[in-house]
Structures are given as structure tokens and as C-alpha cells.
Protein chains: 2
Amino acid sequence: MAIKIGIVGYGNLGKGVHQAIGQNPDLELVAIFTRREPGQLEAGQAGVRFEHISSVEQYKCQIDVMILCGGSATDLPEQTPAIASLFNTVDSFDTHAKIPAFFDQVQTAAKQGGTLSVISTGWDPGLFSLNRLLAEAILPEGKDYTFWGKGVSQGHSDAIRRVPGVKAGVQYTVPVQAVIDQIRTGETPELSTREKHLRECFVVAEEGADQEQIRETIVSMPNYFADYNTKVNFISEEELKSEHAGMPHGGFVIRSGVTGAGTKQIIEFGLKLESNPEFTASVLVAYARAAFRLSKEGQIGAKTVFDIPLGHLSPKSAEELRRELL
Amino acid sequence: MAIKIGIVGYGNLGKGVHQAIGQNPDLELVAIFTRREPGQLEAGQAGVRFEHISSVEQYKCQIDVMILCGGSATDLPEQTPAIASLFNTVDSFDTHAKIPAFFDQVQTAAKQGGTLSVISTGWDPGLFSLNRLLAEAILPEGKDYTFWGKGVSQGHSDAIRRVPGVKAGVQYTVPVQAVIDQIRTGETPELSTREKHLRECFVVAEEGADQEQIRETIVSMPNYFADYNTKVNFISEEELKSEHAGMPHGGFVIRSGVTGAGTKQIIEFGLKLESNPEFTASVLVAYARAAFRLSKEGQIGAKTVFDIPLGHLSPKSAEELRRELL
């Protein structure tokens with residue numbers, strides 16, 4: 001019998017989850033919950049049930065796991081505890097500094113509801129966190145580095161678009177290759193985030209706008225660009241649409257450590273993603289399977305990627321996993 | 001209170017475990033068990049207790065986890081079940097095809113003994129297995145590749161040394177860079193192990209031996225070299241000692257998959273190790289911590305890396321992990 005899934009929120013991430021469920025025959029989509037008018041969404045998606053988010057409680061007996069696809073700024077701090085009191089949930093809450101408080105809140109809600117909630121999964125937090133932990137536990141004497149990119153940063157792209165004279169634009173965070181190469185040889189330099197990354201902007205200027213003025217405004221923008229090496233490229237609207245419409249991302253977690261008498265050992269995990277939301281969605285879907293299984297085992301409360309045996313992510317049995325993948 | 005560790009077997013792996021315990025303040029080495037004469041080993045190692053393996057049972061109440069450092073061919077099939085009936089254990093049994101049968105045997109012994117045994121950990125099987133599972137669960141439509149090297153293969157080095165006229169030698173398994181590059185771009189070629197790896201030999205010939213004859217014997221050796229691209233380099237005994245005395249190894253697990261409508265996503269995990277046994281030892285030590293914790297939770301029986309939450313590998317509390325590493 002398939003695991004019954006609900007999706008809350010139908011932006012890029014929710015759409016990605018919808019697609020990913022289609023790649024996993026042991027999962028079945030029951031309904032998508034939205035704040036928008038469900039009828040309008042349904043018209044464009046034959047065979048998919050959309051419901052207004054206010055009707056979520058009516059599905060209590062029909063859904064095994066709710067995958068929460070809202071944003072971390074305002075949606076999830078409210079939605080996860082509320083929905084976790086009724087359903088097993090999975091979310092991608094990614095405001096690192098607020099994770100401990102968020103965990104406590106969800107823990108309380110899920111324990112009261114007798115449900116299980118996997119919080120803060122995806123790739124960072126998520127797979128990158130797993131790899132930071134793994135590498136640190138195995139190489140306690142060492143140093144690790146997380147690099148992000150090359151990928152689109154939504155916050156920085158928004159900042160560019162607020163500059164006077166800018167019609168449209170996108171910003172890529174780019175890891176500094178020379179620094180990565182240095183670490184891969186076993187060196188362990190002290191580096192701030194800004195020394196590890198460049199910022200590259202592709203900007204469409206309004207007709208007649210002063211490009212030099214725009215460039216100057218961008219590169220000197222505090223918090224966003226002033227402390228980084230920033231490159232601004234002016235392009236046409238057509239080029240922006242054809243070359244920069246995707247949402248690629250990725251990055252690396254590298255730990256360089258020593259064992260014995262100074263023996264160098266390097267552990268590296270990397271992602272190269274053509275679509276950040278589709279990949280994050282695929283991680284959420286695998287953790288939805290794990291949430292269902294943990295819940296069936298009788299576990300309740302908030303969980304993170306650190307608490308979950310990886311075998312629970314796979315549709316295969318423990319025996320199959322030992323035979324085929326160990 | 002420190003977790004009390006015993007080591008069984010004092011070859012390269014056992015020595016690596018000994019060193020790794022020194023890097024982990026929450027672990028304490030109680031004794032090293034050997035088939036050799038303990039007194040001789042103790043003479044060279046001030047402050048370390050060596051015992052003959054026959055006295056293992058006397059330590060039943062003094063050791064929390066035994067780390068088994070014997071070989072997979074003959075030692076572990078016998079030692080793991082025997083010792084698992086008395087102690088929690090961790091081993092690196094790596095004969096992939098025999099893992100299911102080995103698991104069943106250890107499962108029976110550990111359940112009877114009320115102990116917990118982590119089998120087949122290290123890096124392959126072990127960390128590579130975790131990454132094969134993770135990548136397959138997240139990207140069900142895709143293909144994964146495991147590459148080994150550049151690293152020393154003990155079996156192939158032994159085969160070289162049996163060739164008439166060869167005084168000494170070492171063989172490196174080398175992954176084919178062009179193939180790795182192809183996969184990193186998102187292509188998913190069908191490849192056999194032999195298309196993914198080269199074999200490079202460094203050979204010291206006996207004085208007056210026919211080098212061309214040696215080369216021919218090596219490259220045409222069935223099972224070991226005949227089906228591979230094999231390169232044979234003749235070097236001096238001095239060069240062999242100065243340049244090829246280490247035991248480096250490493251490799252990659254790469255999965256190239258698609259989400260949505262053909263969106264390419266790549267997950268890669270890699271290791272670059274100056275010492276294979278020291279790194280494997282470090283993995284065993286982290287899993288010894290996990291074995292102790294699982295046992296304290298009341299779990300018994302055989303476990304693999306797939307069954308263990310990664311949080312159990314770290315000396316940090318769940319709260320610290322959420323705050324610092326998530």
C-alpha cells in the first residue's frame with residue numbers, strides 16, 4: 001500500500017515535490033493545499049486535487065505525511081507547528097540560527113499530536129549537514145569548509161532588482177576555484193565566507209540608464225555586495241530569459257583532517273544541480289518516506305537528518321540494501 | 001565516563017585504531033588482543049596492555065566495544081561471531097558478496113549474547129555504501145558509479161611479486177579521469193569496472209632479469225591484468241622504498257540523475273586518503289561510539305551503516321549538533 005502524501009504550498013518547491021512523487025511508485029499524492037483559490041489551480045492540472053489550506057484537518061485520516069513547501073521567513077514558523085499537531089510532516093526550514101528554537105516548538109506540537117516531524121531537511125540544511133557531521137566525527141582533528149554555488153541567490157537577485165535603472169537581473173554565488181583547489185591539496189587556510197565566494201550579476205538596464213552608476217551602486221551595496229568581489233555584466237532581456245531562467249545551485253562540503261602522525265585525509269561531498277527547488281523537493285520526498293516509517297515504528301516528536309538511519313530513506317528492504325548497496 | 005575499547009588484531013588497521021582512539025577523548029583503550037606473544041608487543045609500546053586473544057573472555061565486564069581489525073578472508077568470519085557473543089563489536093568485513101550470510105551469522109550470535117555488532121563499516125563498504133543509498137533514494141531515476149583510487153591494491157601487488165624475475169613491486173588502481181569528467185557533465189555511459197580504472201605497476205626487477213618478459217607476463221595475467229589497461233614502470237629498490245611505501249587510497253561515488261522534465265542533478269562523494277588503514281580505522285572508531293550508544297539504548301543484534309542515525313557517530317549531544325552542524 002502506497003504512502004499517502006499531502007503537499008502544503010504550491011510554489012517552485014511544491015511543484016518539485018509533486019513531480020518527485022511521480023518518480024516514487026511507493027508514494028501517492030492525495031491533495032495539494034494552497035492559500036490560493038483551489039479551483040483555479042485545479043483547472044490547469046488534470047487529475048490533481050487542490051484544497052484550500054483551511055480544510056487541512058478534514059484529511060487527518062487520509063494522509064500519512066504532509067510535505068510543507070512554504071518559506072522559512074514567515075510560512076514555516078507558523079505552519080509546521082500547526083500542521084505537526086495533526087500530521088506527520090517534513091519541511092525545509094533553513095534559517096540556521098533559528099533552528100534550535102524552531103525544533104523546540106515543533107517538538108512540543110508533535111509530541112502533543114503523537115506525530116513525527118522531520119525539520120530542516122533539503123541540502124543545506126540537510127545533506128550538507130549530514131556530511132559536516134560525518135566528516136567531523138571521523139576526522140576529529142581537521143577543518144571543514146562549506147562552499148555554495150555556482151547558484152542563484154534569490155535575496156541578492158532581489159537586491160539587484162531594487163537598484164534604480166535596473167529592469168531585471170539575477171545574481172550567482174560562485175565559489176572561488178583557487179581556494180577549493182588549495183583545500184583539496186590538504187591545506188587548511190582560515191577563510192571567511194567572503195573569501196570563499198564571488199558574486200556575479202547579470203543585469204538588464206532600463207533604456208538610457210547609466211550602466212556605470214548601476215554597477216557602482218551594486219558593488220558598493222552594504223551587506224549584500226560591498227565586502228565581496230562582485231562582477232556586474234550587462235545583458236539584454238532576451239539573453240536573461242534564454243540563459244538565466246533556471247535555478248541552478250550546488251556546492252561542496254570539504255573536510256581536510258589528519259590521522260596518525262600527520263597523515264592527510266580529505267572527505268568531500270558535492271552537488272551540481274540544474275534545479276535547486278526540484279532537488280530540494282526530491283530530498284523532502286525521501287525524508288517523507290522515512291517519516292512514515294519512523295511513525296509506524298511508534299516514534300513521535302521532532303527529528304532532524306541526524307536522528308534518522310539512512311536506510312529509512314530507501315524503498316528497499318534492509319535485506320535488499322545489504323545485498324545491493326553495502 | 002569514557003567508552004572502554006578493546007582492539008582485536010594489531011596489523012596496520014589495529015595500529016590505526018590505536019592512534020585514532022588517541023584523537024577521541026571520550027574513548028579509552030583498555031587492551032589490545034593478539035595471536036602473537038603479548039610480551040614482545042608490550043616491550044615496544046609503553047603504557048599499552050597487550051593480551052593473548054585467548055584471554056578475551058576475562059575482559060567481559062571491562063570493555064564496552066571490541067574493534068575487530070582482522071582480515072575478511074579468514075579472521076573475521078570466525079572472530080566476529082565468536083566475539084559478538086560476548087561483546088559489542090565493530091568490524092570492516094568487506095567481502096561484498098558474502099555480507100548477507102555474514103550478517104545472518106553475526107545477527108544470531110549477537111542476539112544470543114544480548115550484544116550489538118556493527119558489521120562491514122569503513123569506507124567501502126561503509127561511507128561509500130551510505131552515499132550510494134542516499135543518492136539512489138533521492139534521485140530514483142539515475143545511475144551511479146563507484147570509482148576506486150588512486151590507491152594501492154594489495155591483491156594486485158601480491159600478484160606482481162609472484163612473477164619470476166620480480167624482486168618487489170606495488171600496484172595502483174587509477175580511476176580514468178576522462179570517464180569521471182564525462183559523468184560529471186551529466187552523461188550516464190554504460191561502463192564496466194575495467195573501463196573505469198587503469199592499473200599502474202611499479203616494479204623492481206631482479207638483476208639481469210628480462211624486463212620485457214616481466215612486463216608481458218604482468219599485462220597478460222588473467223583476472224588481474226589481462227582485461228585492463230596496464231602500465232608497468234621499472235624502478236630501483238630505493239625509489240620503491242622512498243616513493244611507494246605509503247598506503248594511499250580513495251575514490252568517488254557519483255550519481256547522475258534527473259528530476260522533473262529531464263533536469264540534471266549530480267551528487268558526488270569523494271575521498272583522498274594518504275593512508276587507507278588509518279582512515280578505515282577512524283571510521284571504525286566513530287562507529288564504536290555509535291555501537292556503544294545503540295547498546296545503551298537497549299538495541300541488540302547485527303547492524304550496518306544503513307541502520308544507524310549519523311548523530312550517534314559524534315561525541316556531541318543532539319542539541320549541540322542541531323546548533324552547530326545542521
Side-chain angles (χ1 to χ4, degrees), chain A residues 15-16 19-20 23-24 96 99-100 103 120 125 127 129-134 136-141 184 186 250 259-261 263-275 278-279 281-283 285-286 289 304-311 313-315 318-319 321-323 325-326, chain B residues 16 19-20 23-24 96 99-100 103 120 125 127 129-134 136-141 184 186 250 257 259-261 263-275 278-279 281-283 285-286 289 304-311 313-315 318-319 321-323 325-326:
Chain A
K15 284 174 193 157
Q19 290 174 305
Q23 292 184 306
N24 289 278
H96 287 262
I99 285 174
F103 179 88
S120 301
L127 306 189
S129 322
L130 281 178
N131 279 279
R132 283 187 286 262
L133 184 156
L134 191 63
E136 183 185 276
I138 292 166
L139 298 174
E141 290 179 28
R184 282 183 182 152
T259 58
T263 309
K264 284 182 184 171
Q265 314 275 22
I266 296 174
I267 304 178
E268 178 170 340
F269 179 80
L271 296 172
K272 207 167 124 193
L273 311 175
E274 278 189 0
S275 165
E278 284 182 16
F279 186 79
S282 295
V283 178
V285 163
R289 178 183 293 119
T304 73
V305 292
F306 299 150
D307 307 314
I308 301 171
L310 294 191
L313 301 178
S314 170
E319 204 181 340
L321 291 176
R322 286 193 296 270
R323 198 172 53 232
L325 296 177
L326 198 61
Chain B
Q19 291 174 305
Q23 293 184 305
N24 289 278
H96 287 261
I99 285 174
F103 178 89
S120 301
L127 307 189
S129 321
L130 281 179
N131 278 280
R132 284 188 285 262
L133 184 156
L134 191 64
E136 184 185 277
I138 292 166
L139 298 174
E141 290 180 28
R184 283 184 180 150
T259 58
T263 309
K264 284 183 184 170
Q265 315 275 20
I266 296 174
I267 304 177
E268 179 169 339
F269 179 80
L271 296 172
K272 207 167 124 192
L273 311 175
E274 278 188 2
S275 164
E278 286 182 15
F279 186 79
S282 296
V283 178
V285 164
R289 179 182 291 122
T304 74
V305 293
F306 300 150
D307 305 315
I308 300 172
L310 294 192
L313 300 178
S314 170
E319 204 181 339
L321 291 175
R322 287 193 294 272
R323 197 173 52 232
L325 295 177
L326 199 62

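Quick caveat, the model's predicted, so the values are computed rather than measured. Each chain gets a letter, A, B and so on, in the order the sequences are listed, and its residues count up from 1.
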CD1 of B:Ile138 to OG of A:Ser314: how many Å apart, nearest 0.5 Å?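 Atom-to-atom, B:Ile138:CD1 and A:Ser314:OG are 11.0 Å apart.
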
From B:Ile267 atom CD1 to A:Lys272 atom NZ, the distance as rounded to the nearest 0.5 Å: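 Between atom CD1 of B:Ile267 and atom NZ of A:Lys272 there are 13.5 Å.
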
side-chain contact (heavy atoms from CB on, under 4.5 Å) between B:Leu321 and A:Thr304: does it pass, once the steps are laid out? CA-CA 10 Å; B:Leu321 291 175; A:Thr304 73; over 6 Å; no

Options [options], ranked by heavy-atom pairs under 4.5 Å with chain B, top entry:
| options | value |
| --- | --- |
| A:Glu268, A:His96, A:Lys15, A:Glu319 | A:Glu268 |
| A:Arg132, A:Glu141, A:Arg322 | A:Arg322 |
| A:Gly186, A:Ala261, A:Gly250, A:Pro140 | A:Pro140 |
| A:Leu133, A:Asn131, A:Leu313 | A:Leu133 |

Given a strict heavy-atom distance threshold of 4.5 Å, which part of [X] is in contact with chain A: side chain, backbone, both, or neither?
| X | answer |
| --- | --- |
| B:Phe103 | side chain |
| B:Leu310 | both |
| B:Val283 | both |

Mind ranking [options] by heavy-atom pairs under 4.5 Å with chain A and telling me who comes out on top?
| options | answer |
| --- | --- |
| B:Ser282, B:Ala20, B:Ala286 | B:Ser282 |
| B:Ile266, B:Leu130, B:Val305 | B:Ile266 |
| B:Arg323, B:Lys264, B:Arg184 | B:Lys264 |

Identify, with sequence neighbours excluded, every residue that meets side chain to side chain contact (heavy atoms under 4.5 Å, CB included) alongside B:Glu278. A:Thr259, A:Thr263, A:Gln265, B:Gln19, B:Ser275

Tell me, side chain or backbone of A:Ile308 under 4.5 Å from chain B's heavy atoms, or both, or neither?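 It is the backbone, since no side chain atom gets that close.
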
Engaged part of A:Glu136 at the chain B interface, taking heavy atoms whose separation is under 4.5 Å: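 Looking at A:Glu136, just its side chain touches chain B.
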
Where is the tightest heavy-atom contact between [X] and [Y], given as atom of each residue plus distance?
| X | Y | value |
| --- | --- | --- |
| B:Pro125 | B:Ile99 | CG-CD1, 4.2 Å |
| A:Gly16 | A:Ala281 | C-CB, 3.2 Å |
| B:Arg289 | A:Ala137 | NH1-O, 4.4 Å |

Would you check, one step at a time, whether the test side-chain contact (heavy atoms from CB on, under 4.5 Å) holds for B:Leu325 with A:Phe306? CA-CA 10 Å; B:Leu325 295 177; A:Phe306 299 150; 4.0 Å; yes

